[in-house]
2 protein chains.
Amino acid sequence: MKTPNPNPSVCSCVNLRRASRAITRIYDKALEPVDLKITQYSVLANVARSGPLSSSNLARILRLDRTTLVRNLKSLQAAGFIEDHPEAGDPRERAIRITEAGHLMVDKARPLWGLAQRQIEDHLGSAALNQLTTLVTSLETLSDHLVLNHLEESP
Amino acid sequence: MKTPNPNPSVCSCVNLRRASRAITRIYDKALEPVDLKITQYSVLANVARSGPLSSSNLARILRLDRTTLVRNLKSLQAAGFIEDHPEAGDPRERAIRITEAGHLMVDKARPLWGLAQRQIEDHLGSAALNQLTTLVTSLETLSDHLVLNHLEESP
DNA sequence: GTGATATACGTGCATATACACGCATCAGTA
DNA sequence: TACTGATGCGTGTATATGCACGTATATCAC
């Protein structure tokens, strides 16, 4: 008999990371038919919804490190799902926009994402999902507080 | 004015990944003085507690892909915190054990980990932490069900 | 206009994550 | 004994994550 399902850790961080890996497996599996990962679908769907925007702004929306996002965009660009053009106005800014192929892919992937989402809802229940959204906000707030406190070094 | 704190996503997976990144920042920041990441501390503390064991067994305990663990162990081994020796008996198995330096590091890191843990407990409350452990178990069970269903291909 | 500060962007580096392979060995079986 | 399936292990490849650093440009104060 092998170890079937080890208990949660005493460490909240380890538990959250475990939960994150588990749910990622579920969504990645659901998106397998269109050869997308949930991370890629998430970025693509966001660009589709928001319209052209800079990588910095997109990173802020996704709460993702800007440089991480830049690399994640690379695979989507290589696949032809997004474009990256210099923007008129501020020459530093570049505008990311979705392509026609990108739109088609989002339309194909959305129902698969919905499948995973429904599986999660059915299995966890709406109460747990609400608690999850609270958890995200709470942790991001605390993180901002603890990690980004180089703002008030009262001179 | 910049976007301070975007709302949670409609996607539970994206939300959990965001939460995972946020809490990882908090613990990594706490462990900064000893130059360890929470992922490394987690592995090291587990090896310290469990005693010598194979990478496969450790991966099962941590609910981590075995090949992922193998690479994570590399940095700990390079730092001299763990050793990896062939085991008597089955020549395929190798036994991972903590070194003296590893023990010292765990002792130095534990209070820093405890600091982060307490910050999380204070900020989230014990109810949320209990819900989190439920969430982990629930998601891992579902994941095992959905992803590892190559066991019953009723012949 | 000049200088300080903030912002936008990319790259180098290190680590984390997991799937697909291949190799070696063990254990059960014909 | 030879075959077969299960198990333990490592690597190749791809993606994800974030910090440190450097470059270019805008903006504000003077």
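Predicted model only: the values in this text are computed from it and were never measured. The sequence lines fix the lettering, A, B, ..., with proteins before strands; numbering per chain opens at 1.
In terms of the side-chain contact (heavy atoms from CB on, under 4.5 Å) criterion, A:Thr134 has no residue partners (sequence neighbours excluded). For A:Ala128, the side-chain contact (heavy atoms from CB on, under 4.5 Å) test picks out A:Leu124, A:Gln131, with sequence neighbours left out. Every residue two or more places apart in sequence or in another chain that forms a side-chain contact (heavy atoms from CB on, under 4.5 Å) with B:Thr99 is listed here: B:Glu83, B:Ala101.
Direction of the helix axis in the helix from C:dG1-D:dC30 to C:dA30-D:dT1 shifts by 10° between the two five-pair termini, rounded to 10°.
Contact annotation: A:Asn72 side-chain N/O to D:dT17 OP1/OP2 distance is under 4.0 Å.
If you check residues 33-45 of chain B against DNA chain C, the residues with a heavy atom closer than 4.0 Å are B:Thr39, B:Gln40, listed by number.
Put simply, the side chain of B:Arg71 and the base of D:dG12 share a donor and an acceptor less than 3.5 Å apart.
B:Arg25 and A:Asp65 are not joined by a salt bridge, as no carboxylate oxygen comes within less than 4.0 angstrom of a charged side-chain nitrogen.
For the pair B:Val147 and A:Lys29, the tightest heavy-atom approach, listed with the atom from each and the gap, is O-NZ, 4.1 Å. Closest approach of A:Ser9 and A:Val14 over heavy atoms only: CB-CG1, 3.7 Å. Listed here is the closest heavy atom pair of A:Cys11 and B:Ile38: SG-CD1, 4.1 Å.
Remark: P of D:dA16 and CZ of A:Arg25 are 17 Å apart, rounded to the nearest angstrom. Taking atom CD1 of residue A:Ile26 and atom P of nucleotide C:dC19, one finds them 13 Å apart after rounding to whole Å. Rounded to an integer number of Å, the gap from CG of B:Leu69 to C1' of C:dT15 is 14 Å. In this structure, the CZ atom of A:Arg18 is 12 Å from the P atom of C:dT17, given to the nearest Å. The CZ atom of B:Arg21 sits 15 Å away from the C1' atom of D:dC19 (whole-angstrom rounding). If you measure from atom CG of A:Asp65 to atom P of C:dC13, you get 18 Å, rounded to the nearest angstrom. When rounded to the nearest whole Å, the span between CD1 of A:Ile23 and P of C:dT17 equals 16 Å. Note: CZ (A:Arg17) to P (C:dA16) measures 8 Å, nearest angstrom.
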Under 4.0 Å protein heavy-atom contacts per nucleotide of nucleotides 5-10 of chain C, with B for base, S for backbone only and - for none:
-BBSBB
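Side-chain contact check for B:Glu121 and B:Ser126: no donor-acceptor pair (N or O, by modelled atom type) lies under 3.5 Å. With 3.5 Å as the limit, one finds no donor-acceptor pair spanning the side chains of B:Ser55 and B:Arg94. Using modelled atom types, one finds a donor on one side chain and an acceptor on the other under 3.5 Å when comparing B:Asn57 with B:Arg60.
Among B:Lys37, B:Gln119, B:Gln117, the one residue that satisfies the side chain to side chain donor-acceptor pair (under 3.5 Å) test with B:Tyr27 is B:Gln117.
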